[in-house]
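Quick notes on the structure that follows.
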Amino acid sequence: MPVPEDRRLDEIESRLHREDPQFARAFADGRPRRPREYRYHRAWLLLAAALGALAAGMFLAHGLLIAAGLVFAGVAGELFDPHRREHGTRCPPSGS
């Protein structure tokens, strides 16, 4: 009968493999890779596009481009948060 720690480690391993199979496979191969929470490729791309839209909007004096650039910069900033899935909903549950 396995010890409780072994069973717990097996549960952690299976959950890790289910959540991020690429990370688990790379870890098993001996060439570690950043977990999914810390891969920011899309966030950097969105931030670059947002700053481009913001700069173009300021250069052309176009309010819609400025607003879009600011909104996309905010979305990119949210993508940089590695624990964004753990925060849950923004609205607290109703008390009634």
Side-chain angles (χ1 to χ4, degrees):
M1 181 166 154
V3 246
E5 290 85 18
D6 290 342
R7 186 175 41 221
R8 190 168 181 199
L9 286 174
D10 289 338
E11 290 172 6
I12 291 172
E13 180 184 6
S14 66
R15 185 181 60 187
L16 178 65
H17 196 307
R18 200 173 44 248
E19 289 177 359
D20 196 354
Q22 291 177 348
F23 174 72
R25 189 171 31 253
F27 193 76
D29 291 344
R31 46 181 179 80
R33 175 186 174 132
R34 286 186 176 176
R36 179 180 299 153
E37 296 89 23
Y38 296 101
R39 293 185 216 143
Y40 299 122
H41 302 297
R42 283 185 261 166
W44 282 113
L45 183 63
L46 184 60
L47 184 61
L51 293 178
L54 183 62
M58 292 175 73
F59 180 73
L60 298 173
H62 195 277
L64 188 59
L65 271 177
I66 294 172
L70 289 173
V71 168
F72 287 140
V75 170
E78 184 71 23
L79 288 177
F80 278 106
D81 181 14
H83 305 290
R84 65 184 175 273
R85 291 185 182 101
E86 296 172 8
H87 293 309
T89 60
R90 292 185 182 258
C91 301
S94 61
S96 22

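We count residues from 1, following the sequence as given.
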**Prompt:** Under the 4.5 Å side-chain heavy-atom rule for ILVMFWY, direct or indirect, which residues accompany L60?
**Reply:** F59, L65
**Prompt:** Residues two or more places apart in sequence or in another chain: which of them pass side-chain contact (heavy atoms from CB on, under 4.5 Å) with L45?
**Reply:** none
**Message:** Going by the rule side-chain contact (heavy atoms from CB on, under 4.5 Å), which residues pair with L46 if we only count those two or more places apart in sequence or in a different chain?
**Reply:** F72, V75, A76, L79
**Prompt:** When rounded to the nearest 0.5 angstrom, what is the spacing between CZ in R8 and CD in E11?
**Reply:** 8.5 Å
**Shortest non-hydrogen contact between A73 and A50, atoms and distance** = N-CB, 3.4 Å
